[in-house]
Q: 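One structure follows; several queries about it will come next.
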Amino acid sequence: MVRRTDTSDRAMIGRERVWLNQVRVAVWVALVLFVPFYFYRHADLALQLIRNADAVLYVSIIGNLLLAWMARAARDLAIYRNQGVRIRFIELLILNNHQFCLNYLPMKFGTLQLAAYLKDEYGLAYSAYAGAFLVQNILVSLVASILSIGTILLFADLGAVDSRLLLGAFTLIAAAMLWASFTTLRLDFLPVSLTSKLTAIHGEISRFARMPMIAIWSLIMSVSMFVLTVWRLDLVSRVLDFDVGVVELVLFSAVLQLSLLLAVTPGALGVREFFMGGLARLFGFT
């Protein structure tokens with residue numbers, strides 16, 4: 001067997017990165033071109049956005065997005081460094097946005113590409129990356145569910161069927177995430193090779209829990225991300241002249257984040273809109 005030299009390995013990685021950059025640019029171009037097409041098909045909405053143009057609102061939305069990206073990178077930085085990955089903040093910030101862009105391709109392409117990059121550059125095993133991905137999603141789900149439960153109990157009409165259904169759904173999600181975090185996997189019925197991989201992935205949760213300062217920091221950043229989502233939806237509702245209350249904003253934000261766990265389509269396109277639209281119907285929006 002002929003072993004490739006380091007030079008040939010670097011050349012191959014360089015070609016892969018050039019190809020990925022081309023794919024990334026193509027995805028962004030497609031998304032950018034879709035915007036004028038959408039406004040052409042929905043001229044009434046485009047005119048409303050122009051009439052409501054408020055520089056302060058639009059700058060606030062952009063600033064909100066930047067803060068959300070930074071909060072996510074700060075959370076992920078702590079998780080990866082707990083795994084021995086000495087990645088820089090700015091590099092992770094860029095990688096997260098590459099992941100977001102490339103996930104508009106099928107098969108969660110951006111997530112897979114990030115896993116391959118961290119393995120090539122920092123030696124992070126795929127099982128460790130999968131464990132970090134699991135921790136990230138558990139944090140998002142717990143924060144969204146618990147804050148929604150608190151909002152419903154404090155501000156919603158518990159006599160309404162819709163409120164009780166939402167309360168039950170968020171309680172089930174929170175319980176499932178806690179169960180996944182603190183239970184011990186028993187997978188004796190699976191092949192040994194698969195069992196070892198799944199156990200290694202789930203073991204990353206224990207590694208995370210053994211570092212309380214990292215866990216607390218990651219939780220704070222996850223709460224910050226959720227609060228920023230609530231604020232961002234409030235800003236967007238002002239642009240669109242929607243009268244949205246605090247309860248609706250919190251629950252919309254929770255559904256927006258939880259629906260990403262079911263991203264079976266590229267970029268979760270259609271999935272988010274399905275759940276957001278269903279919740280909007282409950283609140284009397286179109």
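These figures come from a predicted structure and were not determined experimentally.
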Q: For the residue pair L158 and S163, what are the closest heavy atoms and their distance?
A: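 Of all heavy-atom pairs spanning L158 and S163, the closest is CA-CB, 4.3 Å.
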Q: Please name all residues satisfying side chain to side chain donor-acceptor pair (under 3.5 Å) with E91, sequence neighbours left out, ordered by chain then number.
A: Y117, Y122
Q: Which value, rounded to the nearest 0.5 Å, describes the distance between L118 atom CG and L95 atom CG?
A: 6.5 Å
Q: How long is the span from the CG atom in L249 to the CZ atom in F242, to the nearest 0.5 Å?
A: 12.0 Å
Q: R238: which residues meet the side chain to side chain donor-acceptor pair (under 3.5 Å) condition with it, sequence neighbours left out?
A: D234
Q: For residues 143-154, which side-chain donor-acceptor pairs fall under 3.5 Å, sequence neighbours excluded?
A:
unit_1	atom_1	unit_2	atom_2	d
S145	OG	S141	O	2.8
S148	OG	A144	O	2.7
T151	OG1	L147	O	2.8

Q: Considering residues at least two apart in sequence or located in another chain, which fulfil the side chain to side chain donor-acceptor pair (under 3.5 Å) criterion with N64?
A: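 If we apply the side chain to side chain donor-acceptor pair (under 3.5 Å) test to N64, skipping adjacent residues, the hits are R232.
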Q: Under the ring-ring contact (aromatic ring centres under 6.0 Å, His included) test, which residues partner F283, sequence neighbours left out?
A: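 F283 satisfies ring-ring contact (aromatic ring centres under 6.0 Å, His included) with F252 only.
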Q: At what distance, to the nearest 0.5 angstrom, does CG of L114 lie from CZ of F109?
A: 12.0 Å
Q: State, with a plain yes or no, whether a side-chain heavy atom of L251 is found less than 4.5 Å away from one of F170.
A: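 Touching, per the 4.5 Å side-chain cut-off.
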Q: Going hydrophobic residue to hydrophobic residue with side-chain gaps under 4.5 angstrom, can you get from V140 over to F133?
A: no
Q: Under the salt bridge (Lys or Arg N to Asp or Glu O under 4.0 Å) definition, can you give me all pairs with a residue in residues 146-167, not counting sequence neighbours?
A: none
Q: More than 12 heavy atoms of other residues, nucleotides or ligands under 6.0 Å from CE of M70: is that the case?
A: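 Incorrect, the count does not exceed 12.
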Q: Could you check if a side-chain atom of L142 sits within less than 4.5 angstrom of a side-chain atom of I138, using non-hydrogen atoms only?
A: yes
Q: Sequence neighbours excluded and cut-off under 3.5 Å, please list the side-chain donor-acceptor pairs for residues 32-47, or say none.
A:
none

Q: Tell me every residue that passes side chain to side chain donor-acceptor pair (under 3.5 Å) with T111, counting only those two or more places apart in sequence or in another chain.
A: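 Partners of T111 by the side chain to side chain donor-acceptor pair (under 3.5 Å) criterion, ordered by chain and then number, come out as Q99, N103.
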Q: Scan for salt bridge (Lys or Arg N to Asp or Glu O under 4.0 Å) pairs involving residues 63-80, sequence neighbours excluded, and state none if there are none.
A: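 Passing the test, one end in residues 63-80: R72-D76.
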Q: Enter the distance from L67:CG to M225:CE here, rounded to the nearest 0.5 Å.
A: 12.0 Å
Q: For residues 243-256, which residue pairs pass the side-chain hydrogen bond (donor to acceptor under 3.5 Å, both in side chains) check, not counting sequence neighbours?
A: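 Those involving residues 243-256 do not exist here.
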Q: Taking only distance into account, with no hydrogens and no angle test, what donor-acceptor pairs under 3.5 Å do side-chain atoms of residues 53-62 form with protein atoms, sequence neighbours excluded?
A:
unit_1	atom_1	unit_2	atom_2	d
D54	OD1	V56	N	2.9
Y58	OH	L49	O	3.3
S60	OG	V56	O	2.6

Q: Calculate, to the nearest 0.5 Å, the distance between atoms CG and CD belonging to N82 and E204 respectively.
A: 8.0 Å
Q: Without placing hydrogens or testing angles, list every side-chain donor-acceptor pair under 3.5 Å for residues 210-221, not counting sequence neighbours.
A:
unit_1	atom_1	unit_2	atom_2	d
W217	NE1	A74	O	3.2
S218	OG	I214	O	2.8

